[in-house]
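The block underneath contains the structure these notes are about, expressed in structure tokens.
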Amino acid sequence: MPRKRKEREAEQLESEPPEAKPASAKAKRKAKEVEERDDSAPALYLLKSEPDEFSIDDLAARPQQTEPWDGVRNFQARNIMQRMKLGDQCLFYHSNTKEPGVVGICEVVKEAYPDETALDPESPKHDPKATADKPRWFMVDVKLVRKLKRIVPLKELKQHSNGSLEGMVLLSKGRLSVQPVTQPQWDFIMELAEHEPADES
DNA sequence: GCCAACGTTGGC
DNA sequence: GCCAACGTTGGC
């Protein structure tokens with residue numbers, strides 16, 4: 001029975017990471033990236049949330065200012081999340097709202113573990129394909145580090161899409177809800193947050 | 001509310 | 001294995 005390609009790809013994504021499998025060129029590249037990663041520095045990411053659902057202020061109001069990042073239902077996003085390590089830093093991004101943009105920083109305080117909302121038939125996020133044995137979806141816990149002095153709006157980030165933020169995933173793969181961020185991109189956004197927005201006219 | 005972009009599903 | 005149809009995301 002020939003496997004459907006998309007299905008195979010999805011399963012590949014599902015069973016990744018970690019640990020060795022035959023290893024495509026892509027997988028090797030990824031392994032090399034991990035190997036070369038400087039373990040002394042936390043990795044950097046961006047997490048999207050719709051503030052109507054869960055905002056940076058909701059995170060700030062939580063006990064311990066900590067929350068499980070549940071509900072991710074995209075393989076690529078999940079795989080990125082599964083690579084997160086304790087202490088990795090994440091930009092908190094407000095999406096699907098009046099003023100979308102980066103609003104704060106949070107930190108990984110618990111590495112990937114099964115997302116129980118996928119297993120719960122009562123949950124709107126329930127996934128019938130998820131089982132206790134093969135949970136399929138994972139989440140991390142994040143803790144608020146700080147809110148930024150001001151929101152750095154998407155509109156403003158876009159103004160630098162051919163400059164300091166060239167190649168930023170947010171600007172090319174707009175829909176991915178968990179994304180890697182590079183150190184220069186991170187630093188630049190921090191810099192933006194410290195200053196008043198540049199005059200747009 | 002509209003719609004473009006993109007991921008997923010399923011027929012063949 | 002291709003691709004059309006469908007669903008979701010998210011900016012505007």
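The chains referred to below are lettered A, B, ... by the order of the sequence lines, with proteins before strands, and numbering in each begins at 1.
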What nucleotide, of C/dG11, B/dT9, B/dT8, holds the atom closest to the side chain of A/K158? C/dG11

Specify the separation, in whole Å, of atom CG of A/D127 and atom C1' of B/dT9. 13 Å

Looking only at C/dG10, B/dG7, C/dC12, the nucleotide nearest the A/E50 side chain is C/dG10

Specify whether A/W69 and A/F54 have parallel, tilted or perpendicular ring planes, treating 30° as the upper limit for parallel and 60° as the lower limit for perpendicular. perpendicular

Under 4.0 Å, counting only non-hydrogen atoms across every strand here, what does A/K173 touch: a base, just sugar-phosphate, or nothing? nothing

What's the CG-P distance between A/L171 and C/dG11, to the nearest Å? 11 Å

In whole angstroms, how far is the P atom of C/dG10 from the CG atom of A/D52? 13 Å

For A/A112, is there any backbone N or O sitting under 3.5 Å from a side-chain donor or acceptor partner on A/Q82? no

Could you work out which one of C/dG11, B/dG7, B/dA5 sits closest to the side chain of A/N74? B/dG7

Quick one: which of B/dT8, B/dC6, C/dG11 gets closest to the side chain of A/R175? B/dC6

Rounded to the Å, how far apart are A/L176 CG and B/dT8 P? 11 Å

On DNA chain B, compare the nucleotides closest to A/N96 and A/K129; which residue's is nearer the 5' end? A/N96

For atom CG of A/L170 and atom P of B/dA5, their distance in whole Å: 16 Å

Is A/K98 touching bases, backbone alone, or none of the nucleic acid, heavy atoms closer than 4.0 Å? nothing

Qualifying residues under side chain to side chain donor-acceptor pair (under 3.5 Å), relative to A/S55, sequence neighbours excluded: A/D58

OP1 or OP2 of C/dG11 sitting under 4.0 Å from any side-chain N/O of A/Y93? yes

Is there, by distance only and without an angle test, a donor paired with an acceptor across the side chain of A/R73 and the base of C/dT8 below 3.5 Å? no

Inspect the contact between A/E107 and A/K143 and indicate whether a charged nitrogen and a carboxylate oxygen are less than 4.0 angstrom apart. no

Less than 4.0 angstrom from a charged side-chain N to a carboxylate O is my criterion; do A/D115 and A/R78 meet it? no

Counting only side-chain N and O atoms of A/K48, is one of them less than 4.0 Å from OP1 or OP2 of C/dT8? no

